[in-house]
**Q** 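Right, I'll just put the structure down here and ask away after.
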Number of protein chains: 2
Amino acid sequence: MKPNTVFKRAYNRGLARLGDYAIASDVGSEPSWSQALAVSRTTVRAIFSAFAAGGLIAYDGRRKVLLRHPVAADYYPEVETEQVGAVVEKQFMQWILHGDCKPGQQINALELSRQFGVSASAMRDYLNRFPRYGLLERRPSGSWVFKGFTEDFAEELCEVRSMFELRSALRFVSLADEEPAWAELSRIGNDHLALLEEAESRFTDFSALDERFHRCINDASRNRFIVGFYDVISLIFHYHYQWNKRHERERNIAAMREHLTYIDALQRRDAAAVTQSCNAHMATARLTLLASIQGVRETPDPGRAWPFPGRLASGERPQTRSRH
Amino acid sequence: MKPNTVFKRAYNRGLARLGDYAIASDVGSEPSWSQALAVSRTTVRAIFSAFAAGGLIAYDGRRKVLLRHPVAADYYPEVETEQVGAVVEKQFMQWILHGDCKPGQQINALELSRQFGVSASAMRDYLNRFPRYGLLERRPSGSWVFKGFTEDFAEELCEVRSMFELRSALRFVSLADEEPAWAELSRIGNDHLALLEEAESRFTDFSALDERFHRCINDASRNRFIVGFYDVISLIFHYHYQWNKRHERERNIAAMREHLTYIDALQRRDAAAVTQSCNAHMATARLTLLASIQGVRETPDPGRAWPFPGRLASGERPQTRSRH
DNA sequence: TTTTTGTTCGTTATGGATAAAAAACGTCTC
DNA sequence: GAGACGTTTTTTATCCATAACGAACAAAAA
């Protein structure tokens, strides 16, 4: 049956929100919470009931007054707040990128579902949604074949990416001055400068900035297929880089420099310079991705099981792979 | 539970195959039938059991001898041989294309499933597979929004199609002589000539030929994203033209002429001519699709003249996008 | 030995059940 | 009367059951 992860996640966020109120004060109406937590009022009512049962609030006629502030023990464990779909996605991407499966290999959905600890239906559901990425293919018999996160895949991905990005960038140049994209681009440029200043300490924030930048450009295409394709890029890069931290700092700094050149060309509306800087950046991204794949594929140190912790223990280094 | 449509379809094909045998002769082994009907031996055994139960064959030790030839009443109705997925797709595309559904409208999956006479699970399953076409979008709440088969959609589709097709065509030109694609292109060219000869009577066959031609070109890209994108094109065109037979003959003849020019340019490996003929054809295809959409959406005026010339009338600008 | 058949087991496609969540609809209060 | 609340109705997420289908294997026949 349907899991109440929506409730639990909203409940946790609701606990945090209780901190904004003083003891004995009214915490506000159900609709306002519905809006704030982005869930239906039905769920808000369930949360309030739980708050009341836990002695956090008390009903006083129509008012709901805060009795005490929440403590750590009030929260649901993080792990219980994940949707099955998200769990499957995470596990599946790990399975793919960790690379126990060879290109062309048939996928046993049932065994995978057991391995991931989800039902066969959930697995099927996920696989159904996945094939648009071109990594999976459906056999006529109904089973699935993993096409492989190969160099070919990366090459083809990058080829289309380059086409789309250049097209979008050139269209960006012809946007009217009052388009909000210009302001966003300007902000992104400033954020690059700020991040470069602190590159030593905060360079991992680059990933989010990178996505923001390229989405900003791709959005200018006003083409749902181009914009949608960036979801694939985003997914692949997101997961891939998560397991390839090698030379991350140098890589990111170089990418930021390229971005700045690129942004400058856009702002000058210099089509030739945009073309050049865009192509240059795409070429770098391609090389990075390819190198990254080889890094995963090569020398799989068999002595080391992949240390997928359910949750990283504190003090544990996040996501390093010592074989690099 | 799982429907036995595979069995029924194979059974019908098996009945037809029984006609090849003489009364009282051995109809052959299970493996040979498994191969011929492209189903597993398990299914063949089920079919043979049904044949025996229906008095069509009799087991004589290890031999299976034909008792009588099948008659019309032996066949399962065609309708029962369709997979649920196929039924949903057909109904859904029909609903979209002639439908009263407006762009941006929320889709009620449960009601649709009732309307189509399938289970909610099947509907959900289908919707999960569908969104890659960019026509549907998932709301965070889990429901679906129909983005609309609008002119914008068609424009964006055609834009990407043009990019991909040109890229593929230019790569086609650089294929080595011994690549089988050249032979296929040559056959396709001949089939065009043959079809033009009989255009009066067989012009509906053009649809299949058109797909074969463009797939042949797109395959040259050797890029799974480009090749995969043609599935979207194919689906849209397939279903759309099915309900827009207006001016079909003129449309098809014009397209075939353009194809022949295009093919000739490819065979001469003349990149400039390829670029020109490809772009011209893409522009025509775009106009055809747009007109076709308007034909569905607007008052279907059967008397109206075909509003798009096979070749662009002089002075008409190709590929204008009024919103830029 | 090679092919065919009987049998068993594992996997997939679909429908159905159920609790969660959202939406809709009144009623009530300030 | 606008917004808040209580209640009912509808829709969704997930799991499960089951028959269909496929694949592998052993025994039997050619």
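Numbered from 1 within each chain, the chains take letters A, B, ... in sequence-line order.
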**Q** So, using ring pair (Phe, Tyr, Trp, His ring centres under 6.0 Å) as the criterion, who are the partners of B:Tyr11 when residues are at least two apart?
**A**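 Result, ring pair (Phe, Tyr, Trp, His ring centres under 6.0 Å) vs B:Tyr11: B:Phe7, B:Phe51, B:Tyr76.
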**Q** Using the closest heavy atom to pick a nucleotide of DNA chain C for each, name whichever of B:Arg139 or B:Gly61 lands nearer the 5' end.
**A**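 Final value for this comparison: B:Gly61.
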**Q** Would you please confirm or rule out a distance under 4.0 Å between OP1 or OP2 of C:dT5 and any side-chain N or O of B:Arg45?
**A** no
**Q** Enumerate the residue pairs fulfilling ring-ring contact (aromatic ring centres under 6.0 Å, His included) with a member in residues 30-50 of chain B, sequence neighbours excluded, ordered by first and then second residue.
**A** B:Trp33-B:Phe48
**Q** Suppose we screen for side chain to side chain donor-acceptor pair (under 3.5 Å). Which residues come up paired with A:Lys8, at least two apart in sequence or across chains?
**A**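 If we apply the side chain to side chain donor-acceptor pair (under 3.5 Å) test to A:Lys8, skipping adjacent residues, the hits are A:Glu80.
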**Q** Can you run down the salt bridge (charged side-chain N to carboxylate O under 4.0 Å, His left out) pairs that involve residues 112-122 of chain A, sequence neighbours left out, and say none if there aren't any?
**A** none
**Q** List every contact pair, protein side and nucleotides 25-30 of chain C side both N or O, where the distance is under 3.5 Å.
**A**
none

**Q** Please determine whether a side-chain nitrogen or oxygen atom of A:Lys64 lies at a distance below 4.0 Å from atom OP1 or OP2 of D:dA4.
**A**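 So the side-chain polar atoms of A:Lys64 never come under 4.0 Å of the phosphate oxygens OP1 or OP2 of D:dA4.
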**Q** Rounding to a whole Å, what distance do you find between B:Met123:CE and D:dA13:P?
**A**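 In whole Å, D:dA13 P lies 13 Å from B:Met123 CE.
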**Q** For nucleotides 9-12 of chain D, list the nitrogen or oxygen atoms of the protein found under 3.5 Å from its nitrogen or oxygen atoms, one pair per line.
**A**
from, atom 1, to, atom 2, distance (Å)
D:dT11, OP1, B:Asn108, ND2, 2.3
D:dT11, OP2, B:Arg114, NH2, 3.3
D:dT12, OP2, B:Leu110, N, 3.4
D:dT12, O2, A:Lys2, NZ, 3.2

**Q** Output the rounded distance in Å from CZ (B:Arg63) to P (C:dT5).
**A**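 Nearest whole value for this atom pair: 12 Å.
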**Q** To the nearest angstrom, how far is A:Tyr59 atom OH from D:dA4 atom P?
**A** 14 Å
**Q** Give me the atom names and distance for the closest heavy-atom approach of A:Leu67 to A:Gly55.
**A**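 Heavy-atom minimum between the residues: CB-O, 3.5 Å.
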**Q** Where the side chain of A:Ser40 is concerned, which of D:dG22, C:dG15, C:dA21 is the nearest nucleotide?
**A**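 From the listed options, C:dA21 comes nearest.
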**Q** In terms of side-chain geometry, is the basic nitrogen of B:Arg222 or A:Asp152 positioned less than 4.0 Å from the acidic oxygen of its partner?
**A** no
**Q** Within a reach of under 6.0 Å around CD of B:Gln35, are more than 12 heavy atoms found that belong to other residues, nucleotides or ligands?
**A** no
**Q** Check DNA chain D against residues 3-31 of chain A and give the residues with a non-hydrogen atom under 4.0 Å, in numerical order.
**A**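 By residue number: A:Pro3, A:Ser29, A:Glu30, A:Pro31.
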**Q** Starting at the 5' end of DNA chain D, which residue's closest nucleotide do you reach first, B:Ala38 or A:Ala122?
**A**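 Mapping each residue to its closest nucleotide by heavy atoms, the 5'-most match is A:Ala122.
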**Q** Kindly indicate whether the side chain of B:Ser121 and the base of C:dG16 share any N or O donor-acceptor pair separated by less than 3.5 Å?
**A**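 Such a pair exists between side chain and base.
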**Q** Could you list all the salt bridge (charged side-chain N to carboxylate O under 4.0 Å, His left out) pairs where at least one residue sits in residues 47-67 of chain B, not counting sequence neighbours?
**A**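 Sorted result for residues 47-67 of chain B: B:Asp60-B:Arg63.
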**Q** In whole angstroms, how far is the P atom of D:dC21 from the CG atom of B:Leu37?
**A** 13 Å
**Q** Sequence neighbours left out, what passes side chain to side chain donor-acceptor pair (under 3.5 Å) with B:Arg41? Give chain and number order.
**A** B:Glu30
**Q** Please evaluate the base of D:dA23 for a donor-acceptor partner in the side chain of B:Thr42 within a cut-off of under 3.5 Å?
**A**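 Side chain to base: pair found, below 3.5 Å.
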**Q** Report the distance from atom CG of B:Asn128 to atom P of D:dT14, rounded to the nearest whole Å.
**A** 10 Å
**Q** Tell me: CG of A:Asp125 to P of C:dT14, nearest whole Å?
**A**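 Between P of C:dT14 and CG of A:Asp125: 14 Å.
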**Q** Tell me, please, which residues at least two apart from B:Ser234 pass side chain to side chain donor-acceptor pair (under 3.5 Å).
**A**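 Applying side chain to side chain donor-acceptor pair (under 3.5 Å) to B:Ser234 gives B:Glu211.
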**Q** Rounded off to whole Å, could you give me the CG-to-P distance for the A:Leu127 and C:dT11 pair?
**A**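 Taking CG of A:Leu127 and P of C:dT11, I get 14 Å after rounding.
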**Q** Rounded to the Å, how far apart are B:Tyr76 OH and D:dA20 P?
**A** 11 Å
**Q** State which residues pass salt bridge (charged side-chain N to carboxylate O under 4.0 Å, His left out) with A:Asp219; sequence neighbours excluded, sorted by chain then number.
**A** none
**Q** Answer with base, sugar-phosphate or nothing: what part of the nucleic acid does B:Val118 contact at a heavy-atom distance below 4.0 Å?
**A** nothing
**Q** My understanding is that only residues two or more places apart in sequence, or in another chain, count here; which of them pass side chain to side chain donor-acceptor pair (under 3.5 Å) with B:Glu111?
**A**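 Once residues adjacent in sequence are excluded, B:Glu111 has no partner under the side chain to side chain donor-acceptor pair (under 3.5 Å) criterion.
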